[in-house]
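Below, chains carry the letters A, B, ... as their sequence lines are ordered, and counting in each starts from 1.
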Number of protein chains: 2
Amino acid sequence: MKDGQPNTAGAGRTDCAHCPLGKLDHFRRFDDDEQDYVEGFKTGELITETGATIIVDGAHNAHLYTLLSGWAFRYKIMEDGRRQILNYAVPGDLLGLQGSITGEMQHSVEALSPLTLCVFERDRVNELFSNHPDLAFDITWIAAREERILDEHLLSIGRRSAYERAAYLLAFLNRRGRLSGILTSKHNVIPITQQHVADTLGLSIVHTNKTLKKLKDRKLIAWGDGGCRVIDENQLAEIAGWEETEEKRRPFI
Amino acid sequence: MKDGQPNTAGAGRTDCAHCPLGKLDHFRRFDDDEQDYVEGFKTGELITETGATIIVDGAHNAHLYTLLSGWAFRYKIMEDGRRQILNYAVPGDLLGLQGSITGEMQHSVEALSPLTLCVFERDRVNELFSNHPDLAFDITWIAAREERILDEHLLSIGRRSAYERAAYLLAFLNRRGRLSGILTSKHNVIPITQQHVADTLGLSIVHTNKTLKKLKDRKLIAWGDGGCRVIDENQLAEIAGWEETEEKRRPFI
DNA sequence: CGCAACTTTGACCAGATTCAAAGTAAGTGG
DNA sequence: CCACTTACTTTGAATCTGGTCAAAGTTGCG
């Protein structure tokens, strides 16, 4: 948990016309008008290292970000140090919306890998709602989707056994990674530690280890090379009793 | 879990100018323009009994509702019957947004008491985004708030002990009830059973009962009269280590 | 090489589940 | 109005999942 300050990279800036996300089947394409607007809405790019804290719980001045590349996670910490990971972010995900809308962030975000983020000014979100109702709708779509994911996590933590939970989480992460383009048949390692898994599932690290061992023994996952490799996503989903909702082209900003 | 069909009440219709919610300090007031628009957006009112299912998991044609009076809850059920309650709804809350935005509901909603709901056409949400960016922003605000609540629930189920969880939930419900005007010093019963508490906290009903007993013994809550009466909300919040975020005037539709 | 972070394993303990059954309260039909 | 049913609450006992404690093994890196 390095507490690195994000580096504001003066360096390159991807313009939206060449946004790598737009090329993927999974994402909706902008029309020219929208693209121009988003291009203007974007104020810069942020590059961070693994372990950097992008957003801090309690912040009032957080920016709004779209993750362009890398893995991150959202979490909350209690006063006595107990940590709960709420969700993970992959390319295309929006970070910091809560702060832009309600004024204050109530969770933190940390990088699991080097990240590239598009930076938007939170003060201009109102303007976006006025000028581009279609983009405003997309933002709401993204918020509704996050809510749906949290619903699923809640079901998982509340009602599934440790074994089912672990299977669900890894199927979920693998799927997200695949669709967002960050996992490929070559690079298919989800960069998490067992501590992350434990803090996501609400389990102790020891029990998490023993649970993951069972999945390894069944050759459904492999551990190492800095993370987890999912070997049989479908089998994992089946163990969890999780029906992956199929997703058409999703919007992003 | 009565599977009652919601009764479409041909009866009375509250016009927005006299909306009971607008009178409460907790809610933002509309300006005239917004009020007229929402008035037109509203297609009717729905009255249901306790136990009625308002929204069914998997529905594609769900309406969008604002809860005007009563208590309800959102939940998911696994194939084998395990149920997880995701959140509760009190007056001012929006129900069915997920369906309006992403096209399909992924959870159900059931009434805990007789309800009155404002009904909106889901097809006209796009129109609302185009014509009233301020109202669109409000909807997004509400979605972001729901997300924040789910984050808190996740922390609770994942990292708090049974005792802390129960304390958190009841403090949370009491607070929501108070602010929304549905709980008063006279009518202060939260209409839930211990089964609801169990399904919210991810506990068995037996252990839930034993846990609630401790809270009763400490005279922090009372059970009976069709639900739970919170006697000392602050003490409950303290047990849970929960800092209630203060909320200014919140929007509703 | 040696440290630091992470993973693995074993032994013991505790919180929570399951099973079983009885007590209570409210509602229904005779 | 009472007997009966149904839904909900309460309690005890046995069991088990998952937590805690302790320590060793691994891996990557300066």
Side-chain angles (χ1 to χ4, degrees), chain A residues 1-4 49-51 80-85 110-113 156-167 169-170 189-217 221-229 239, chain B residues 1-4 49-51 80-85 110-113 156-167 169-170 189-217 221-229 239:
Chain A
M1 244 187 295
K2 222 176 299 179
D3 196 25
E49 299 180 341
T50 303
D80 60 7
R82 285 178 276 183
R83 178 174 79 167
Q84 177 66 38
I85 294 181
E110 188 178 315
L112 284 167
S113 73
S156 204
I157 298 197
R159 288 301 179 206
R160 285 197 245 255
S161 70
Y163 187 61
E164 292 170 329
R165 272 184 241 184
L169 177 63
L170 296 173
V189 175
I190 303 165
I192 50 174
T193 67
Q194 299 190 359
Q195 185 69 65
H196 291 119
V197 175
D199 287 349
T200 310
L201 302 182
L203 299 170
S204 74
I205 177 128
V206 174
H207 195 64
T208 298
N209 179 271
K210 287 169 183 168
T211 304
L212 290 174
K213 184 175 182 345
K214 290 184 196 166
L215 292 175
K216 279 189 296 184
D217 289 348
I221 63 169
W223 210 267
D225 299 320
C228 176
R229 210 180 292 268
I239 289 172
Chain B
M1 248 190 291
K2 219 177 296 177
D3 196 28
E49 300 180 342
T50 302
D80 61 7
R82 285 177 276 182
R83 179 174 77 168
Q84 177 65 39
I85 294 181
E110 188 179 316
L112 285 167
S113 72
S156 202
I157 299 196
R159 287 303 179 204
R160 283 196 246 255
S161 70
Y163 187 62
E164 292 169 329
R165 271 184 242 185
L169 176 64
L170 296 173
V189 175
I190 303 165
I192 52 175
T193 67
Q194 299 190 357
Q195 184 70 65
H196 291 116
V197 175
D199 287 350
T200 309
L201 302 182
L203 298 171
S204 72
I205 178 126
V206 174
H207 195 63
T208 298
N209 179 273
K210 287 169 184 168
T211 303
L212 290 174
K213 184 176 183 342
K214 290 183 198 169
L215 292 175
K216 278 189 297 183
D217 288 348
I221 63 169
W223 209 268
D225 299 320
C228 175
R229 210 181 292 270
I239 288 171

Contacts to DNA chain C from residues 202-217 of chain A, heavy-atom cutoff under 4.0 Å, which residues?
V206(A), N209(A), K210(A), K213(A), K216(A)
Measuring from atom OG1 of T50(A) to atom CG of L112(A), what distance do you get when rounded to the nearest 0.5 angstrom?
8.0 Å
Separation between CH2 of W223(B) and CG of L215(B), rounded to the nearest 0.5 Å
9.5 Å
Let me know, please, whether R159(A) or Q194(A) comes out on the 5' side of the other along DNA chain C by nearest nucleotide.
Q194(A)
Roughly, in whole Å, what's the span from CD in Q195(A) to P in dA5(C)?
13 Å
By the definition side chain to side chain donor-acceptor pair (under 3.5 Å), identify the one residue from T211(A), N209(A), T208(A) that meets it with Q194(A).
N209(A)
Is the backbone of R160(A) close enough, under 3.5 Å, to the side chain of R165(A) for a donor and an acceptor to pair up by distance?
yes
Interatomic distance, CG@L170(B) vs CD1@I192(B), rounded to 0.5 Å, equals 5.5 Å
Taking atom CG of L201(A) and atom OG of S161(A), what is their separation to the nearest 0.5 Å?
10.5 Å
Applying side-chain contact (heavy atoms from CB on, under 4.5 Å), can you list everything that pairs with T193(A), at least two apart in sequence or on another chain?
Q195(A), H196(A)
Atom CH2 of W223(B) and atom P of dT10(D) are separated, to the nearest Å, by 9 Å
For R82(B), the salt bridge (Lys or Arg N to Asp or Glu O under 4.0 Å) test, sequence neighbours excluded, returns E164(A), D80(B)
Find the bend of the helix from dC1(C)-dG30(D) to dG30(C)-dC1(D) as the angle between its two terminal axes (five pairs each), to the nearest 10°.
40°
Quick one, give me the B/S/- string for nucleotides 25-30 of chain D, reading 5' to 3', where B means a protein heavy atom under 4.0 Å from the base and S means that only happens at the primed atoms, P, OP1 or OP2.
------
Nearest-Å distance, CD (E164(B)) to C1' (dG15(C))?
13 Å
H196(A) atom NE2 is separated from dA5(C) atom C1', nearest whole Å, by 12 Å
For residues 194-205 of chain A, which residue pairs pass the salt bridge (charged side-chain N to carboxylate O under 4.0 Å, His left out) check, not counting sequence neighbours?
R83(A)-D199(A), D199(A)-R159(B)
So, taking the atom named CD1 in I85(A) and the one named CD in E110(A), what distance separates them when rounded to the nearest 0.5 Å?
8.5 Å
Point-to-point distance, once rounded to the nearest 0.5 Å, from CD1 of I190(B) to CD1 of I221(B):
9.0 Å
Spacing between R160(A) atom CZ and dT17(C) atom P, to the nearest angstrom
17 Å
